[in-house]
Amino acid sequence: MLRSTFLGTGFAVPDRVVTNDELSKLMDTSDEWIHTRTGIRERRWVREGETGADLAFRATERALKMAGMAAADLDAIVYATSTPDHFAPGNGVYLQRMLGAATIPAIDIRTQCSGFVYALSVADAWIRSGQYRRILVVGAEVQSTAMDLTTRGRNTSVIFADGAGAAVVGPAGREDQGILAFDLHADGQHAEKLWVDSPGSMYHPRVSPEQLEAGRHFLQMDGKEVFRHAVARMPESIRAVLKSAGYEVADMSLLIAHQANLRIAEMMQRDLALRDDQVYNNIMRYGNTTAATIPIALDECLRAGRIASGDLVVLTAFGSGFLWGSAVVRW
Ligand code: UT7
């Protein structure tokens, strides 16, 4: 059976580092509170003029280099973001233009924190069906431009951040290698528990001074509810995806989980009884970059030699929607 696998990965973050102490000067918070509740020490935010597509372009250059390929070799782009540069068109076409790629298809996936896993499933289906061979999968976000930098917004503005990760995916070279299974879910009952209300096409006009005044254009989150569901759904999905590929938790070499909050990752590690060498966390340095956390972590693991040929790697995510899901990959 034809399977797809990772041919190259890369990531890019803005060079502007924002520390917890810097945020403490803008709102009523502290390094101690942020670190204790989330594990985050610092995050990256774009400077004015730097866009999500810019970050995605830099991440893609690195992924292409690792794959030994050029933009002209790509057959399609699948771009996951919940924070496109514009309402329309999506960011896929901006990235295609920057890459100077041919008129290959470029689609945006809007599944927020689960964006990379969902985007990967689309690329995998295209490759297995034989429609396209080499697909660029991107997870990239700019959250910092929708942050309420006052005490009113402190439960989200200390967590969310900017970054991009990219992967070139293509047919696997060995029969036992590649993406083995996906497990994908949505539950729209919880749509307003982590969302950006405005601008929206249901409003006339799409955004009003009253909405801006009320902060409805900022990311809003019911943190406790999101936390409660995240620690249940991700382990459930990890077990399910491994089972559907014929494995169990003990067989997993490495878990790369969405970086939402280090406390969520720690609870999950305990629930699944995983050793420290079976998990990877980098939220301390980058915060929660939504669709970008998994490809950033994956690239760091690959370049640090944390993943070897034959390893069983699981990617898992949970977030706004609620949407969640996992992928299991034999390296
Ligand atoms: O990527 C998508 C998924 N996102 C997540 O998974 C995030 C999940 N949720 C969380 O990580 C946590 O809920 C938070 C870290 C966001 C919040 O932690 P919490 O322990 O649930 O705090 P809370 O929202 O219940 O707030 C506890 C207290 C409140 O004060 P009072 O009402 O007890 O006086 C908040 O106002 O902490 C206060 N608080 C803060 N204090 C200092 C909230 N944010 C801050 C802050 N600094 N940044």
Side-chain angles (χ1 to χ4, degrees), residues 18-43 45 80-83 110-118 139-144 146-163 165 185-188 190-196 215 218-237 256-269 271 281-284 286-297 315-326:
V18 178
T19 63
N20 293 344
D21 285 337
E22 216 175 314
L23 294 179
S24 313
K25 292 187 188 110
L26 302 170
M27 62 191 81
D28 183 12
T29 190
S30 64
D31 175 49
E32 212 258 325
W33 193 96
I34 300 170
H35 184 247
T36 307
R37 304 280 185 125
T38 71
I40 300 167
R41 289 286 190 197
E42 60 185 40
R43 75 284 293 141
W45 286 1
T81 186
S82 59
T83 55
R110 287 195 47 190
T111 50
Q112 295 72 247
C113 299
S114 304
F116 188 76
V117 174
Y118 267 78
E141 304 279 355
V142 171
Q143 293 287 4
S144 62
M147 292 291 106
D148 181 352
L149 298 178
T150 69
T151 299
R152 180 177 71 172
R154 67 183 177 177
N155 77 321
T156 51
S157 53
V158 302
I159 294 179
F160 292 93
D162 308 339
H185 300 275
D187 185 354
H190 306 284
E192 289 81 17
K193 287 182 182 144
L194 178 49
W195 71 320
V196 183
F218 293 130
L219 185 70
Q220 294 167 64
M221 174 169 75
D222 178 344
K224 279 215 184 313
E225 274 291 284
V226 177
F227 195 110
R228 198 168 66 78
H229 284 84
V231 294
R233 295 308 197 183
M234 280 192 284
E236 193 177 278
S237 177
I256 297 181
H258 169 51
Q259 301 289 293
N261 180 329
L262 191 59
R263 305 306 157 224
I264 292 176
E266 288 167 347
M267 280 180 74
M268 205 155 54
Q269 185 179 347
D271 180 345
N281 293 303
N282 61 10
I283 192 170
M284 308 70 112
Y286 303 125
N288 178 342
T289 57
T290 322
T293 69
I294 291 176
I296 292 176
L315 315 177
T316 192
F318 178 91
S320 166
F322 294 151
L323 291 136
W324 66 100
S326 306

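What you see is a predicted model, and the numbers here were worked out from it, not measured in a lab. In listed order, ligands and their atoms are each counted from 1.
- Taking a cut-off of under 4.0 Å to the non-hydrogen atoms of Met221, the atoms of ligand 1 that pass are 4 (N), 7 (C), 16 (C).
- Side chain of Arg43 to main chain of Asn288: no donor-acceptor pair is present (N/O by atom type, distance under 3.5 Å, no hydrogens or angles).
- For the ligand labelled ligand 1, residue Leu194 lies inside the 4.0 Å heavy-atom shell.
- Checked by atom type and distance alone, the side chain of Thr81 pairs as donor or acceptor with a backbone atom of Ala140 at under 3.5 Å.
- By the 4.5 Å heavy-atom criterion applied to side chains, His229 and Asp187 are not counted as neighbours.
- Protein heavy atoms are absent from the space less than 4.0 angstrom from atom 28 (C) of ligand 1.
- Between the OG atom in Ser24 and the CH2 atom in Trp33 there is a gap of 11.5 Å [rounded to 0.5 Å].
- Compare Thr289, Val231, Asn288, Thr29 by their heavy atoms: the one nearest to atom 46 (C) of ligand 1 is in Thr29.
- Atom 4 (N) of ligand 1 has as its closest protein heavy atom Val226 CG1, 3.5 Å.
- Distance remark: protein heavy atom not present below 4.0 angstrom from atom 31 (P) of ligand 1.
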Checklist entry - Would Thr29 and Ile34 satisfy side-chain contact (heavy atoms from CB on, under 4.5 Å), going step by step from the backbone distance to the final call? => result CA-CA 7 Å; Thr29 190; Ile34 300 170; 3.6 Å; yes
Item to check | Val158/Ile40 under side-chain contact (heavy atoms from CB on, under 4.5 Å): CA gap, chis, key distance, verdict | outcome: CA-CA 8 Å; Val158 302; Ile40 300 167; over 6 Å; no
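- With Gly223, Ala265, Ala317 as candidates, the residue nearest to atom 13 (O) of ligand 1 on a non-hydrogen basis is Gly223.
- Residue Thr289 comes nearest to Ile296 through the heavy atom pair OG1-CD1, 3.9 Å, listed as atom of the first residue, atom of the second, then distance.
- Heavy-atom proximity to Asn155, at under 4.0 Å, picks out these atoms of ligand 1: 16 (C), 44 (N).
- The single protein non-hydrogen atom nearest to atom 6 (O) of ligand 1 is Ile264 CD1, 3.1 Å, given as residue, atom name and distance.
- Taking every non-hydrogen atom of Asp28 and a distance limit under 4.0 Å, the qualifying atoms of ligand 1 come out as 42 (C), 47 (N).
- With sequence neighbours excluded, no residue satisfies salt bridge (Lys or Arg N to Asp or Glu O under 4.0 Å) with Arg110.
- Each of Ser114, Ser320, Ser82 was checked for a side-chain contact (heavy atoms from CB on, under 4.5 Å) with Thr290, and the lone residue meeting it is Ser82.
- Nearest to atom 44 (N) of ligand 1 among the protein's heavy atoms is Trp33 CH2, 3.3 Å.
- At the shortest separation from atom 21 (O) of ligand 1 among protein heavy atoms lies Lys224 NZ, 3.3 Å.
- Under a 3.5 Å cut-off, the side chain of Asn281 and the backbone N or O of Gln259 do not form any donor-acceptor pair.
- Val18 is listed as a side-chain neighbour of Leu23, based on a closest heavy-atom distance under 4.5 Å.
- Ranking the protein heavy atoms by distance from atom 38 (C) of ligand 1 puts Arg154 NH2, 3.5 Å first.
- Contact analysis leaves Thr293 out of contact with ligand 1, as no non-hydrogen atom separation drops below 4.0 angstrom.
- The backbone N or O of Val142 sits less than 3.5 Å from a side-chain atom of Thr83, completing a donor-acceptor pair.
- Under a 4.0 Å N-O distance rule, the pair Arg41/Asp31 qualifies as a salt bridge.
- Neither the backbone nor the side chain of Gln112 comes within 4.0 Å of ligand 1, counting heavy atoms alone.
- Here is the list of ligand 1 atoms found below 4.0 Å of a heavy atom in Val158: 48 (N).
- Atom 22 (O) of ligand 1 has its closest protein heavy atom at Arg37 NH1, 3.5 Å.
- Of all the heavy atoms of Ile159, the ones lying under 4.0 Å from any atom of ligand 1 belong exclusively to the side chain.
- Partners of Glu42 under the salt bridge (Lys or Arg N to Asp or Glu O under 4.0 Å) rule, at least two apart in sequence or in another chain, do not exist in this structure.
- If you take CE on Met284 and OG1 on Thr38, they are separated by 10.5 Å, rounding to the nearest 0.5 Å.
- With a 4.0 Å cut-off on non-hydrogen atoms, Thr290 does not touch ligand 1 at all.
- When only interatomic distances are considered, the shortest N/O to N/O separation between Ser320 and ligand 1 does not fall below 3.5 Å.
- Protein heavy atoms all stay at least 4.0 Å away from atom 34 (O) of ligand 1.
- For ligand 1, the atoms closer than 4.0 angstrom to any heavy atom of His258 are 1 (O), 2 (C).
- Residue-level proximity to ligand 1 for Thr38 is carried by the side chain, the only part with a heavy atom below 4.0 angstrom.
- Nearest-heavy-atom check against atom 2 (C) of ligand 1 across Cys113, Ala230, Ser24 picks out Cys113.
- Note that atom 24 (O) of ligand 1 has no protein non-hydrogen atoms nearby, at separations under 4.0 angstrom.
- Of all protein heavy atoms, the one closest to atom 10 (C) of ligand 1 is Asn261 ND2, 3.6 Å.
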